[in-house]
Amino acid sequence: MKHCVTILSVLFFAACGTGESSKVASVTASAKTDTVKVLATTISAPLNDSLPGDDQMATYFVVIADTGQDYPALRQEMTDLNRQFMIPIDTMGRSYNAVKNLIALPEDDEDEIYAGDYFPRRFPSENLSLEYLSVYKDGAGEKTIALVTGIYKTSKNADSARSVLQKNIPGAFVIKADLYIGCMH
(Lines give C-alpha, C1' and ligand atoms only; values in the text may rest on other atoms or scores of the structure.)
Protein backbone atom coordinates (compact mmCIF):
# COMPACT_ATOMS: atom_id res chain seq x y z
CA MET A 1 0.00 0.00 0.00
CA LYS A 2 2.79 2.42 0.94
CA HIS A 3 4.59 1.76 -2.33
CA CYS A 4 1.39 2.36 -4.32
CA VAL A 5 0.81 5.71 -2.58
CA THR A 6 4.44 6.70 -3.16
CA ILE A 7 4.27 5.87 -6.87
CA LEU A 8 0.96 7.72 -7.29
CA SER A 9 2.41 10.72 -5.45
CA VAL A 10 5.44 10.80 -7.74
CA LEU A 11 3.22 10.73 -10.83
CA PHE A 12 0.87 13.39 -9.41
CA PHE A 13 3.58 15.87 -8.45
CA ALA A 14 5.66 15.28 -11.58
CA ALA A 15 2.61 16.20 -13.68
CA CYS A 16 2.26 19.61 -12.05
CA GLY A 17 4.00 22.26 -14.10
CA THR A 18 3.70 26.04 -14.04
CA GLY A 19 3.06 26.32 -17.73
CA GLU A 20 6.43 28.02 -18.22
CA SER A 21 8.57 25.15 -17.05
CA SER A 22 7.89 21.71 -15.71
CA LYS A 23 9.63 20.46 -12.63
CA VAL A 24 10.00 16.96 -11.37
CA ALA A 25 9.31 16.40 -7.72
CA SER A 26 10.89 13.41 -6.09
CA VAL A 27 9.12 11.49 -3.38
CA THR A 28 10.89 9.45 -0.74
CA ALA A 29 9.64 7.59 2.27
CA SER A 30 11.17 5.28 4.78
CA ALA A 31 9.60 1.88 5.27
CA LYS A 32 8.46 2.92 8.75
CA THR A 33 6.47 6.03 7.77
CA ASP A 34 2.73 5.75 7.55
CA THR A 35 0.74 6.80 4.50
CA VAL A 36 -0.28 10.18 5.93
CA LYS A 37 3.33 11.13 6.64
CA VAL A 38 4.35 10.05 3.14
CA LEU A 39 1.83 12.38 1.55
CA ALA A 40 2.54 15.26 3.91
CA THR A 41 6.32 15.25 4.08
CA THR A 42 7.95 13.63 1.09
CA ILE A 43 8.11 16.36 -1.50
CA SER A 44 11.77 17.25 -1.76
CA ALA A 45 13.37 20.40 -3.15
CA PRO A 46 13.38 20.88 -6.94
CA LEU A 47 16.46 19.76 -8.83
CA ASN A 48 17.94 23.29 -8.82
CA ASP A 49 18.40 23.00 -5.03
CA SER A 50 16.22 26.03 -4.28
CA LEU A 51 13.69 25.77 -1.51
CA PRO A 52 10.21 24.63 -2.56
CA GLY A 53 8.16 27.64 -3.61
CA ASP A 54 11.09 30.00 -4.40
CA ASP A 55 10.27 30.01 -8.10
CA GLN A 56 6.55 29.51 -7.62
CA MET A 57 5.82 33.01 -6.31
CA ALA A 58 5.53 36.22 -8.31
CA THR A 59 4.95 39.82 -7.34
CA TYR A 60 2.17 41.46 -9.32
CA PHE A 61 0.17 44.66 -8.96
CA VAL A 62 -3.60 44.27 -8.75
CA VAL A 63 -5.88 47.18 -9.63
CA ILE A 64 -9.14 47.12 -7.70
CA ALA A 65 -12.14 49.35 -8.43
CA ASP A 66 -14.25 48.38 -5.43
CA THR A 67 -14.71 45.81 -2.68
CA GLY A 68 -17.66 44.47 -0.75
CA GLN A 69 -19.66 41.38 0.10
CA ASP A 70 -22.65 41.95 -2.17
CA TYR A 71 -21.90 39.84 -5.26
CA PRO A 72 -24.87 41.04 -7.36
CA ALA A 73 -24.01 44.72 -6.73
CA LEU A 74 -20.34 44.19 -7.61
CA ARG A 75 -21.34 42.17 -10.67
CA GLN A 76 -23.50 45.08 -11.84
CA GLU A 77 -20.64 47.51 -11.20
CA MET A 78 -18.35 45.23 -13.23
CA THR A 79 -20.83 45.23 -16.12
CA ASP A 80 -21.03 49.05 -15.95
CA LEU A 81 -17.22 49.32 -16.05
CA ASN A 82 -17.16 47.00 -19.04
CA ARG A 83 -19.53 49.28 -20.93
CA GLN A 84 -17.84 52.50 -19.81
CA PHE A 85 -14.17 51.58 -20.32
CA MET A 86 -14.48 48.68 -22.79
CA ILE A 87 -12.45 46.45 -20.45
CA PRO A 88 -13.34 42.83 -21.19
CA ILE A 89 -14.92 40.67 -18.51
CA ASP A 90 -13.34 37.29 -17.84
CA THR A 91 -15.11 35.27 -15.16
CA MET A 92 -12.92 32.22 -15.89
CA GLY A 93 -16.18 30.27 -16.01
CA ARG A 94 -17.10 31.13 -12.43
CA SER A 95 -20.37 32.51 -11.13
CA TYR A 96 -21.92 33.06 -7.73
CA ASN A 97 -23.21 29.92 -6.03
CA ALA A 98 -25.82 31.21 -3.56
CA VAL A 99 -26.16 27.84 -1.81
CA LYS A 100 -22.43 27.77 -1.02
CA ASN A 101 -22.16 31.58 -0.70
CA LEU A 102 -19.13 31.29 -2.98
CA ILE A 103 -17.75 32.48 -6.29
CA ALA A 104 -17.26 29.09 -7.89
CA LEU A 105 -16.69 27.08 -11.01
CA PRO A 106 -19.69 24.98 -12.08
CA GLU A 107 -20.14 21.68 -10.25
CA ASP A 108 -19.61 19.85 -13.54
CA ASP A 109 -16.48 21.80 -14.55
CA GLU A 110 -13.80 19.80 -16.38
CA ASP A 111 -11.35 20.62 -13.58
CA GLU A 112 -12.38 17.89 -11.16
CA ILE A 113 -10.37 19.31 -8.27
CA TYR A 114 -11.87 22.82 -8.38
CA ALA A 115 -15.32 21.99 -9.77
CA GLY A 116 -17.86 23.70 -7.53
CA ASP A 117 -15.13 25.68 -5.76
CA TYR A 118 -13.29 28.98 -6.10
CA PHE A 119 -10.21 29.15 -8.30
CA PRO A 120 -8.40 32.53 -8.18
CA ARG A 121 -7.06 34.69 -10.98
CA ARG A 122 -3.28 34.55 -10.47
CA PHE A 123 -1.60 35.81 -13.63
CA PRO A 124 -1.31 39.19 -15.37
CA SER A 125 -4.40 40.13 -17.35
CA GLU A 126 -6.29 43.24 -18.30
CA ASN A 127 -9.73 41.85 -17.59
CA LEU A 128 -12.51 42.59 -15.16
CA SER A 129 -13.32 39.86 -12.68
CA LEU A 130 -14.67 39.32 -9.20
CA GLU A 131 -12.16 37.73 -6.86
CA TYR A 132 -11.74 37.18 -3.15
CA LEU A 133 -9.61 40.02 -1.78
CA SER A 134 -7.83 37.64 0.62
CA VAL A 135 -6.00 36.11 -2.37
CA TYR A 136 -4.20 39.42 -2.90
CA LYS A 137 -4.14 41.03 0.54
CA ASP A 138 -3.28 39.39 3.84
CA GLY A 139 -5.80 40.13 6.58
CA ALA A 140 -8.69 40.80 4.20
CA GLY A 141 -12.04 39.35 5.21
CA GLU A 142 -12.53 35.82 3.96
CA LYS A 143 -15.67 36.64 1.95
CA THR A 144 -14.72 40.17 0.87
CA ILE A 145 -15.02 40.37 -2.89
CA ALA A 146 -12.75 42.60 -4.98
CA LEU A 147 -13.74 44.02 -8.35
CA VAL A 148 -10.41 43.48 -10.09
CA THR A 149 -9.80 45.55 -13.21
CA GLY A 150 -6.40 44.10 -14.02
CA ILE A 151 -3.27 42.37 -12.76
CA TYR A 152 0.01 43.86 -13.95
CA LYS A 153 3.67 42.90 -13.87
CA THR A 154 4.84 46.42 -13.05
CA SER A 155 3.65 49.08 -10.64
CA LYS A 156 3.95 51.67 -13.44
CA ASN A 157 1.38 49.84 -15.59
CA ALA A 158 -0.93 49.32 -12.63
CA ASP A 159 -0.69 52.99 -11.63
CA SER A 160 -1.52 54.04 -15.19
CA ALA A 161 -4.60 51.81 -15.23
CA ARG A 162 -5.68 53.11 -11.82
CA SER A 163 -5.27 56.73 -12.99
CA VAL A 164 -7.71 56.15 -15.84
CA LEU A 165 -10.24 54.57 -13.47
CA GLN A 166 -9.91 57.23 -10.77
CA LYS A 167 -11.48 59.86 -13.01
CA ASN A 168 -14.80 58.05 -12.49
CA ILE A 169 -13.97 55.79 -9.54
CA PRO A 170 -12.01 57.86 -7.00
CA GLY A 171 -11.63 54.88 -4.66
CA ALA A 172 -9.76 52.67 -7.14
CA PHE A 173 -6.49 51.39 -5.69
CA VAL A 174 -3.51 49.13 -6.34
CA ILE A 175 -2.33 46.23 -4.19
CA LYS A 176 1.16 44.80 -4.46
CA ALA A 177 0.54 41.06 -4.18
CA ASP A 178 2.85 38.10 -3.87
CA LEU A 179 0.95 35.37 -5.67
CA TYR A 180 1.53 31.66 -5.80
CA ILE A 181 1.87 30.78 -9.49
CA GLY A 182 2.82 27.13 -9.13
CA CYS A 183 0.66 24.11 -9.77
CA MET A 184 -2.61 24.09 -7.84
CA HIS A 185 -3.45 20.48 -8.53
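- Shortest non-hydrogen contact noted between Pro106 and Gly93 is CD-O, 3.3 Å.
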Evaluate side chain to side chain contact (heavy atoms under 4.5 Å, CB included) for Thr91 paired with Leu128, printing each intermediate quantity in order. CA-CA 8 Å; Thr91 63; Leu128 298 170; over 6 Å; no
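- Of all heavy-atom pairs spanning Tyr132 and Ile145, the tightest one is CE2-CG1, 4.0 Å.
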Check the pair Leu130, Leu147 against side chain to side chain contact (heavy atoms under 4.5 Å, CB included), reporting the backbone distance first and the verdict last. CA-CA 5 Å; Leu130 297 174; Leu147 172 48; 3.8 Å; yes
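- For Ala177, the side-chain contact (heavy atoms from CB on, under 4.5 Å) partners are Val62, Tyr136, Ile175, Leu179, not counting sequence neighbours.
- Between Tyr118 and Pro120 there is a side-chain heavy-atom pair separated by less than 4.5 Å.
- Closest non-hydrogen pair, Ala104 versus Asn97, comes out as CB-CB, 4.5 Å.
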Ser160 and Asn157: CA distance, side-chain angles, deciding distance, side-chain hydrogen bond (donor to acceptor under 3.5 Å, both in side chains) verdict: CA-CA 5 Å; Ser160 293; Asn157 290 347; 5.4 Å; no
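- Applying the salt bridge (charged side-chain N to carboxylate O under 4.0 Å, His left out) test to pairs two or more places apart or on separate chains, those with a residue in residues 162-171 are Asp159-Arg162.
- Annotation: ring pair (Phe, Tyr, Trp, His ring centres under 6.0 Å) contacts involving residues 70-94, sequence neighbours excluded, comprise Tyr71-Tyr96.
- Pairs passing the salt bridge (charged side-chain N to carboxylate O under 4.0 Å, His left out) check and including a residue from residues 69-78, sequence neighbours excluded, do not occur.
- Expressed to the nearest 0.5 Å, how far NZ of Lys137 lies from NZ of Lys176 amounts to 15.0 Å.
- Side chain of Gln56 to backbone of Tyr180: no donor-acceptor contact under 3.5 angstrom is found.
- Screening residues 147-177 for ring pair (Phe, Tyr, Trp, His ring centres under 6.0 Å), with sequence neighbours left out, gives no hits.
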Step by step, work out the side chain to side chain contact (heavy atoms under 4.5 Å, CB included) result for Ile181 and Met57. CA-CA 6 Å; Ile181 59 169; Met57 298 297 290; 5.9 Å; no
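- In plain terms, the two heavy atoms of Val148 and Ile151 that are nearest each other are CG1-CG1, 4.2 Å.
- When only modelled atom types and interatomic distance are considered, Thr79 and Asn82 share no side-chain donor-acceptor pair under 3.5 Å.
- In this structure, Thr144 contributes its side chain and Ala140 its backbone to no donor-acceptor pair below 3.5 Å.
- Here the closest heavy-atom approach between residue Leu133 and residue Ala146 is recorded as CD1-CB, 4.0 Å.
- To the nearest 0.5 Å, atom OG1 of residue Thr149 and atom CG of residue Asn127 are 10.0 Å apart.
- Taken to the nearest 0.5 Å, the CZ atom of Arg122 stands 8.0 Å off from the CE atom of Met92.
- Counting only residues at least two apart or in different chains, salt bridge (charged side-chain N to carboxylate O under 4.0 Å, His left out) contacts with residues 91-105 comprise Arg94-Glu131, Lys100-Glu107.
- Side-chain atoms of Gln76 and Asp80 include a donor-acceptor pair closer than 3.5 Å.
- Rounding to the nearest 0.5 angstrom, the gap separating the CG atom in Asp66 from the CG atom in Leu81 is 9.0 Å.
- Linking ILVMFWY side-chain heavy atoms closer than 4.5 Å, directly or via other members, places Ile113 and Leu105 in a single hydrophobic cluster.
- Looking at Ser129 and Asp90, their side chains never bring a donor and an acceptor atom within 3.5 Å of each other.
- With hydrogens and angles disregarded, no donor-acceptor distance shorter than 3.5 Å links the side chain of Lys143 to the backbone of Leu102.
- Pairing each heavy atom of Ser134 with each of Gly141, the nearest pair is CB-O, 4.2 Å.
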For Glu126 and Ile87, what are the C-alpha separation, side-chain angles and deciding distance, and is it a side chain to side chain contact (heavy atoms under 4.5 Å, CB included)? CA-CA 7 Å; Glu126 295 182 22; Ile87 304 170; 5.7 Å; no
